[in-house]
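Both backbone and side-chain heavy atoms feed into the values below; hydrogens, waters and symmetry mates do not. Convention: sequence-line order gives letters A, B, ...; per-chain numbering from 1. Remember, it's a predicted structure, so these values are computed and weren't measured experimentally.
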Protein chains: 2
Amino acid sequence: MARAATTTDAFNAVAEPRRREILDALAGGERSVTDLVEHLGVAQPVVSKHLRVLREVGLVGVRDEGRARIYRLEAGPLRAVYDWVKGYERLWSERFDLLDTVLEDLRAERGPGQQPESPESSQEDDHDQP
Amino acid sequence: MARAATTTDAFNAVAEPRRREILDALAGGERSVTDLVEHLGVAQPVVSKHLRVLREVGLVGVRDEGRARIYRLEAGPLRAVYDWVKGYERLWSERFDLLDTVLEDLRAERGPGQQPESPESSQEDDHDQP
DNA sequence: TTGACGTATGCCGATATAGGCATACGATGG
DNA sequence: CCATCGTATGCCTATATCGGCATACGTCAA
């Protein structure tokens with residue numbers, strides 16, 4: 001067996017940095033291939049090939065305008081990536097690990113039978129690294 | 001040039017579904033290799049190899065316990081993925097907002113007891129598979 | 001020690017990739 | 001019709017991959 005095709009899903013398509021750059025560029029608005037070629041500073045066939053991959057996973061859409069092809073971002077498939085990685089958000093902050101420990105300690109101190117006050121509601125703190 | 005190594009970064013490491021499964025499993029707590037083998041239902045060498053990749057990008061850590069090796073999640077590197085994809089979140093939300101607007105308009109147009117005018121909404125969708 | 005256990009590694013084969021280069025192709029303007 | 005522009009595609013090479021299988025390695029129990 002070989003590695004999964006880049007066109008398998010957004011995860012694989014987006015693993016390539018150049019393709020991320022393309023998406024980043026398109027996030028600023030529609031662009032023609034030539035536009036992207038200039039923006040990325042790589043050969044045109046390279047860009048066209050990456051665009052093909054992105055199109056196949058539904059991350060970009062195309063529109064014909066005269067002899068040019070205008071590409072646009074279609075972020076939908078990224079949602080799978082987002083949804084997956086989002087679940088790990090709370091895990092990468094050491095500070096948060098510390099907080100976890102503290103909370104656990106508190107819970108323990110309070111003793112069994114006591115409920116911690118609705119910890120479910122405080123979900124959206126932004127845990128940044130110092 | 002070939003495709004970037006899976007050990008290049010979290011993006012590449014995580015493109016493999018099996019490795020995501022491993023991380024998901026480890027999110028529930030430390031696990032030995034045998035544990036993971038059972039959990040995933042694949043051959044042991046396969047698991048060991050995936051774990052190697054994950055270790056090389058810093059997504060897991062190991063600890064020796066007797067003859068077993070206990071792996072733990074180390075989510076840090078996922079932050080790069082999260083930070084990148086997070087920027088796109090609002091784009092599919094916007095889409096929904098748009099949809100909401102359209103639906104609202106339709107509802108308003110229809111009014112109490114009115115029919116919606118045949119919506120010619122469907123835009124592009126050029127999902128092609130050559 | 002011997003042997004069983006838990007893991008890691010080596011080798012193989014089939015498959016794809018990314019980019020370089022040349023070229024094919026459709027649209028447009030003389 | 002012909003030349004040119006804007007893009008896509010084909011061919012090529014070097015390189016990795018993932019999984020299967022066998023096996024090496026370290027640890028623990030008799």
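Side-chain contact of B/Tyr71 with B/Arg55: a donor-acceptor pair under 3.5 Å is present, judged by distance alone. With 3.5 Å as the limit, one finds no donor-acceptor pair spanning the side chains of B/Thr34 and B/Glu38.
Side-chain contact between A/Val53 and A/Leu59 is absent, with no heavy-atom pair separated by less than 4.5 Å. Side-chain contact between A/Val42 and A/Val47: present, with at least one pair of heavy atoms (C-beta onward) separated by less than 4.5 Å. A/Ile70 places none of its side-chain heavy atoms less than 4.5 Å from the side chain of A/Val33. A/Asp9 is not listed as a side-chain neighbour of A/Val57, based on a closest heavy-atom distance of 4.5 Å or more.
Of the side-chain N and O atoms in A/His50, one or more sit less than 4.0 angstrom from OP1 or OP2 of C/dG19.
Residues B/Ala27 and B/Leu73 come closest through the heavy atom pair CA-CD2, 3.9 Å. Closest approach of A/Ala5 to A/Asn12, counting heavy atoms only: O-CB, 3.5 Å. In plain terms, the two heavy atoms of B/Tyr88 and A/Leu23 that are nearest each other are OH-C, 3.1 Å.
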**Request:** Go through the steps to decide whether B/Glu65 and B/Arg69 satisfy the test salt bridge (charged side-chain N to carboxylate O under 4.0 Å, His left out), and finish with yes or no.
**Result:** CA-CA 6 Å; B/Glu65 190 174 291; B/Arg69 309 204 81 193; over 6 Å; no
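B/Thr8 meets the side-chain hydrogen bond (donor to acceptor under 3.5 Å, both in side chains) test with no other residue; sequence neighbours excluded.
The aromatic rings of A/Trp84 and A/Phe11 stand perpendicular to each other, their planes meeting at an angle above 60°, with 30° marking the opposite boundary.
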Kindly give the atom pairs (protein nitrogen or oxygen, nucleotide nitrogen or oxygen) under 3.5 Å for nucleotides 21-24 of chain C.
none

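Nucleotide C/dA16 holds its P atom 11 Å from the CZ atom of B/Arg3, rounded to whole Å.
Note on residues 12-31 of chain B: pairs passing salt bridge (Lys or Arg N to Asp or Glu O under 4.0 Å), not counting sequence neighbours, are B/Glu30-B/Arg63, B/Arg31-B/Asp35.
Scanning residues 4-23 of chain B for heavy-atom distances under 4.0 Å to DNA chain C yields an empty list. Near DNA chain C, meaning a heavy atom under 4.0 Å from it, residues 52-74 of chain B has B/Arg52, B/Arg67, B/Ala68, B/Arg69, B/Tyr71 in order of number. Contacts of residues 32-41 of chain B with DNA chain C (heavy atom under 4.0 Å): B/Ser32, B/Val33, B/Thr34.
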